[in-house]
Amino acid sequence: MIEPSIHELHFDGAPDVGSVPGPKTTRLLQKQREIDSAAVSYPENIPIAFEEAKGATIRDVDGNTYLDFFAGIGVLNVGHANPYVMEAMHKQADKLVHTVDFPTEARLDLIEKLDAIAPGNLAGNSKVVFGGPTGSDAIEASIKLAKYNTGGNGLVAFRNAYHGATSGAMSLTANKKFKAPYTPLLPDVVHAPYPYPFQQEKCPEEAVEDALAEVRATVLDPYGGLANPAGIFVEPIQGEGGIVVPPQGFLSGLRDIADEAEIPLVVDEIQAGLGRTGEWWGSDHFDVTPDVITTAKALGGIGLPLSATIYHEDLDTWGPGDHAGTYRGHVPAMEAGLRSIEYIESHDLLTHARDLGEYIRSRLREVGADNSFLADVRGKGLFIGAEFVGEDGDVRNAGDFVAGVQQRCYENGVLVWKAGQYGNVLRLLPPLVLTDAQAEAGMDIITDAIEAEAGEREAVA
């Protein structure tokens, strides 16, 4: 088919909302509360019931149309229901869906494409293992791979990190609230500081130096406490932690430590990868080649569940059946993933993401110049965070402010989300197909929401 341009993908006229939530949405939300799990969380923050979606727009069951600056937590990089991707997915689904790990054209084509776009010298030298359908499964595979190749048990992760919700992945995750129900988890996991200059009140160089010193001591010092390290696991840009972009020198420093210790450097690209940052992988911004990268989320093209672990061929030492998963042969997802990468390439969405991301961050910095609550703006491409502080300047007291901004955005037709240890970071993850006009309209609403929330709080004070 002729690939549609990014301007042809969306519902016209978005945003277009009335009084929300509407009656049909309210009814469905009430029914969900009655019969669904108590673990459901997203509708408690944004009370919406979806009906359909196209591109960077979503329509609810009452006919309200929103701009989507959330993209299913960074899943829908080429937008909702992208026709170029959907065509291949439907065609494949009509023929064959499940193959475990028997070869198909879709599987082999996707592996070759992932090898071609892999970071640094992984390109041309990588292997891919598909496992379960979620990012957590890719992390579990990477832990297993690291231990398999080193014979070690110790894992180095980072404070403020999020890697998933299964046992091994949760062991690497830093959030104590998430982890508490799962204890005991994997032993011998050490969390080192991640350089976060804003919250640490350090210059970038000092933040990097201190973080690397802790990792080096943990891994290499005879009294470092981690007897048999197996790998270093890191997000190139922390996502759930608040879109924390490490200063230059951090990832390359980790690369040096991993090389010296002869352990793999595993980079979690589940949220940052596949074009989200304006490069194929977050690690590309730092000129660092990982030994292993994990990917999921956008890998399934239009929201189909698929994850993969991409690793240097020298680590391909396990035998048949040493890693498995029933859903490692989801052929429609593989077709969709391949098509989504092709769409990003043919429409130069990496450049578009970089340009649009800079525009969005500039709009946030403009509103922050006269706003004492908006303290820091950061990100790469369309992976954007705006960190807020309370009236007292404390990051721990700004969660309600960001929740207020989120509510105002929702009421005016833009869906945004939160992040950070204290829910004090506004996280923007729009699809890469967001148009310039949509970005402008969305940012008008977002900046108005920030100013209105600040004005109301200042008036009360």
Side-chain angles (χ1 to χ4, degrees), residues 36-37 39-43 50 52-53 58 68 70-82 84-111 113-114 128-144 162-170 173 178 235 239-240 268-276 281 293-310 323-344 417 429 431-432:
D36 208 338
S37 166
V40 168
S41 63
Y42 287 98
F50 296 148
E52 55 183 332
I58 292 177
D68 182 7
F70 181 44
I73 327 177
V75 167
L76 299 153
N77 285 8
V78 296
H80 297 269
N82 186 304
Y84 182 69
V85 179
M86 296 294 286
E87 178 196 51
M89 185 271 290
H90 283 302
K91 185 177 179 180
Q92 180 59 56
D94 287 340
K95 295 191 303 180
L96 179 68
V97 173
H98 181 75
T99 64
V100 193
D101 58 4
F102 290 100
T104 62
E105 294 285 351
R107 181 190 187 92
L108 301 181
D109 287 348
L110 179 57
I111 290 172
K113 179 61 75 172
L114 290 172
V128 176
V129 63
F130 299 103
T134 73
S136 296
D137 296 305
I139 294 293
E140 297 288 348
S142 71
I143 293 172
K144 188 175 182 180
Y162 182 81
H163 294 285
T166 52
S167 181
M170 189 61 69
T173 291
F178 288 162
E235 296 165 273
E240 299 294 321
D268 180 347
E269 296 274 4
I270 291 166
Q271 192 166 149
L274 292 168
R276 167 61 46 196
W281 309 102
I293 60 175
T294 56
T295 180
K297 288 191 182 291
L299 182 61
I302 39 80
L304 297 180
L306 184 66
S307 73
T309 303
I310 306 168
H323 188 67
T326 301
Y327 293 103
R328 64 190 189 275
H330 189 342
V331 198
M334 292 171 176
E335 280 282 9
L338 179 63
R339 278 289 182 101
S340 68
I341 293 171
E342 291 174 350
Y343 191 88
I344 291 170
W417 205 250
L429 306 173
L432 310 186

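- Here CG of Leu338 is found 8.5 Å from CG of Leu114. Values are rounded to the nearest 0.5 Å.
- Counting only distance, with no hydrogens or angles, the side chain of Thr295 and the backbone of Ala308 share no donor-acceptor pair below 3.5 Å.
- Heavy atoms only, all atoms of each residue included: Ala296 and Ser307 are closest at CB-CB, 3.7 Å.
- Interatomic distance, Ile270 CD1 to Ile139 CD1, rounded to the nearest 0.5 Å: 4.0 Å.
- Residue Phe130 is tested with His323, His330, Arg328 for a side-chain contact (heavy atoms from CB on, under 4.5 Å); the sole match is Arg328.
- Between Arg339 and Glu87 there is a salt bridge, with a side-chain nitrogen of the basic residue lying less than 4.0 Å from a carboxylate oxygen of the acidic one.
- Between Leu110 and Leu306 the shortest side-chain heavy-atom distance falls below 4.5 Å.
- Asn77 and Gly273 make their closest contact through ND2-O, 3.7 Å (heavy atoms, listed as atom of the first residue, atom of the second, distance).
- The distance from atom NZ of Lys95 to atom NZ of Lys91, rounded to the nearest 0.5 Å, is 6.0 Å.
- Looking only at side-chain heavy atoms (C-beta outward), Asp109 and Arg107 stay at 4.5 Å or farther from each other.
- With contacts defined as side-chain heavy-atom distances shorter than 4.5 Å, the pair Leu429/Gln271 qualifies.
- In this structure, OG1 on Thr309 lies 10.0 Å from CD1 on Ile143, to the nearest 0.5 angstrom.
- The two residues Pro103 and Leu108 have their closest heavy-atom pair at CB-CD1, 4.4 Å.
- You'll find the side chain of Trp281 reaches within 4.5 Å of the side chain of Leu274, heavy atoms only.
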From CA spacing to verdict: side chain to side chain contact (heavy atoms under 4.5 Å, CB included), His80, Glu52 = CA-CA 9 Å; His80 297 269; Glu52 55 183 332; over 6 Å; no
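- Distance check: Ser340 OG to Ile302 CD1 gives 9.0 Å after rounding to the nearest 0.5 Å.
- Side-chain atoms of Leu432 and Arg276, non-hydrogen and from C-beta on, do get closer than 4.5 Å to each other.
- Among all heavy-atom pairs drawn from Gly301 and Val78, the shortest one is O-CG2, 3.5 Å.
- In plain terms, the two heavy atoms of Met334 and Gly329 that are nearest each other are CE-CA, 4.0 Å.
- Using the six-membered ring where Trp is involved, Phe70 and Tyr42 have ring planes that are tilted, between 30° and 60° apart.
- Distance CD/Glu140 to CE/Met170: 10.0 Å, rounded to 0.5 Å.
- In Glu105, the CD atom is not crowded: 12 or fewer heavy atoms of neighbouring residues, nucleotides or ligands sit closer than 6.0 Å.
- Taking all atoms of both residues into account, the shortest heavy-atom contact from Asp68 to Ala71 is OD1-N, 2.8 Å.
- When side chains are defined from C-beta on, Glu240 counts as touching Ile73, because their heavy atoms get closer than 4.5 Å.
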